[in-house]
*Asks:* 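Below you will find the structure I want to go over with you.
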Amino acid sequence: PCSVLTVRETALKDALPPYRKFHPARILVPTDLSEESLMACATASDLAARFGSSILALTVIADHMSTTFGELGYVFETRKAIEEARRDLPRAMAERIPGTIPRQTEVIEGSPAHVICEVARAQNLDLIVMNTHGRSGASHLLIGSVTERVVRNAPCSVWTFRKSPEPPARQGS
């Protein structure tokens, strides 16, 4: 029910000893453009404003999209998804991240968890901020968890969170 910061051993070696505060210079926000995944922008923005960090927003178009119409359908669906993400991602970031925070957007086709980790590694990013949809049971087994794979394989620290439930209603006095 609470946020979790998974810190890579390399980050700990850099911070201890002597102790230094964690100051992420570059933050990655992976998003599928759903409202749930875009919630990470608020956390990333707060951190970026506090530490003078920049944000890279990344959308990964799954490389196994639709094969309903054969190879031609797959190519068409993938191209369409990439075009839509390239149009929508900058708008979503402009709405959620203050203009004073340096930000970039990137859209890549591939396996989401793998691409997220590779981008973090290639660009030497300090922190990944993402939510988990909280799937469990059969849904988790069938779909798997992108967030879980990122936490296990990311080259940097990962801050994960779930959408918090509404606070309970107060009972009468």
*Asks:* Roughly how far apart are Ile82 CD1 and Glu77 CD, rounded to 0.5 Å?
*Replies:*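 Answer for the CD1-CD pair, Ile82 versus Glu77, is 11.5 Å.
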
*Asks:* Specify the closest pair of heavy atoms between Ala113 and Arg149, including all atoms of both residues, with the distance to one decimal.
*Replies:*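 Residues Ala113 and Arg149, closest heavy atoms: CB-CB, 3.6 Å.
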
*Asks:* Tell me, please, which residues at least two apart from Glu95 pass side-chain hydrogen bond (donor to acceptor under 3.5 Å, both in side chains).
*Replies:*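 Here no residue qualifies.
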
*Asks:* Quick check: is Val4 connected to Leu47 through a chain of hydrophobic side chains (ILVMFWY, heavy atoms under 4.5 Å apart)?
*Replies:*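 Per the 4.5 Å side-chain linkage, Leu47 and Val4 are not co-clustered.
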
*Asks:* If you compare all heavy atoms of Val29 against all heavy atoms of Ala44, which two are closest, and at what distance to 0.1 Å?
*Replies:*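 It is CG2-CB, 3.5 Å.
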
*Asks:* When rounded to the nearest 0.5 angstrom, what is the spacing between CG in Leu28 and CG in Leu125?
*Replies:*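 Rounded to the nearest 0.5 Å, the CG-CG separation comes to 5.5 Å.
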
*Asks:* Do you know the tightest heavy-atom contact between Ala48 and Ile101?
*Replies:*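 It is CB-CG2, 3.6 Å.
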
*Asks:* Please check if the side chain of Arg26 supplies one atom and the backbone of Gln123 the other of a donor-acceptor pair under 3.5 Å.
*Replies:*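 Judged by distance alone, yes, a pair lies under 3.5 Å.
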
*Asks:* Is there a donor-acceptor contact under 3.5 Å from the side chain of Asn131 to the main chain of Glu36?
*Replies:*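 Yes; at least one donor-acceptor contact below 3.5 Å.
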
*Asks:* I'd like to check Trp159 versus Leu127 (side-chain heavy atoms, cut-off strictly below 4.5 Å). Are they in contact?
*Replies:*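 Sidechains of Leu127 and Trp159: in contact.
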
*Asks:* Looking at Pro30, Ser37, Pro112, Ser111, which one forms a side-chain contact (heavy atoms from CB on, under 4.5 Å) with Val146?
*Replies:*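 One option only clears the test, and that one is Pro112.
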
*Asks:* Linking I/L/V/M/F/W/Y whenever their side-chain heavy atoms sit closer than 4.5 Å, directly or via other members, would Leu33 and Ile97 fall into one cluster?
*Replies:*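 Yes: a chain of side-chain contacts under 4.5 Å links Leu33 to Ile97.
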
*Asks:* Scan the side chains in residues 83-93 for donor-acceptor partners under 3.5 Å anywhere in the protein, sequence neighbours excluded, and list what turns up.
*Replies:*
none

*Asks:* Measure the spacing between CD1 of Ile27 and CG of Asp126 and express it to the nearest 0.5 Å.
*Replies:*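 Separation between the atoms: 8.0 Å.
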
*Asks:* Looking at every heavy atom in both Ser45 and Pro98, which two are closest together, and how far apart are they?
*Replies:*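 Answer, listing the atom of Ser45 first, then Pro98: OG-CD, 3.7 Å.
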
*Asks:* Side-chain contact, heavy-atom cut-off 4.5 Å: Leu58 with Ile108?
*Replies:*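 Sidechains of Ile108 and Leu58: in contact.
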
*Asks:* Evaluate the side-chain proximity of Arg103 to Leu56: yes if any heavy-atom separation is below 4.5 Å, no if none is.
*Replies:*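 No, too far: nothing below the 4.5 Å cut-off.
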
*Asks:* Could you go through the salt bridge (charged side-chain N to carboxylate O under 4.0 Å, His left out) check for Arg79 and Glu109 one step at a time?
*Replies:* CA-CA 9 Å; Arg79 284 187 184 161; Glu109 179 186 357; over 6 Å; no

*Asks:* Drop me the distance from Ser157's OG to Ile128's CD1, to the nearest 0.5 angstrom.
*Replies:*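 If we round to the nearest 0.5 Å, Ser157:OG and Ile128:CD1 are 9.0 Å apart.
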
*Asks:* As an exercise, state the distance from OG1 of Thr43 to CE of Met130, rounded to the nearest 0.5 Å.
*Replies:*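 Going from OG1 on Thr43 over to CE on Met130, the span is 13.0 Å.
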
*Asks:* Could you list all the salt bridge (charged side-chain N to carboxylate O under 4.0 Å, His left out) pairs where at least one residue sits in residues 110-125, not counting sequence neighbours?
*Replies:*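 Qualifying pairs: Glu118-Arg121.
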
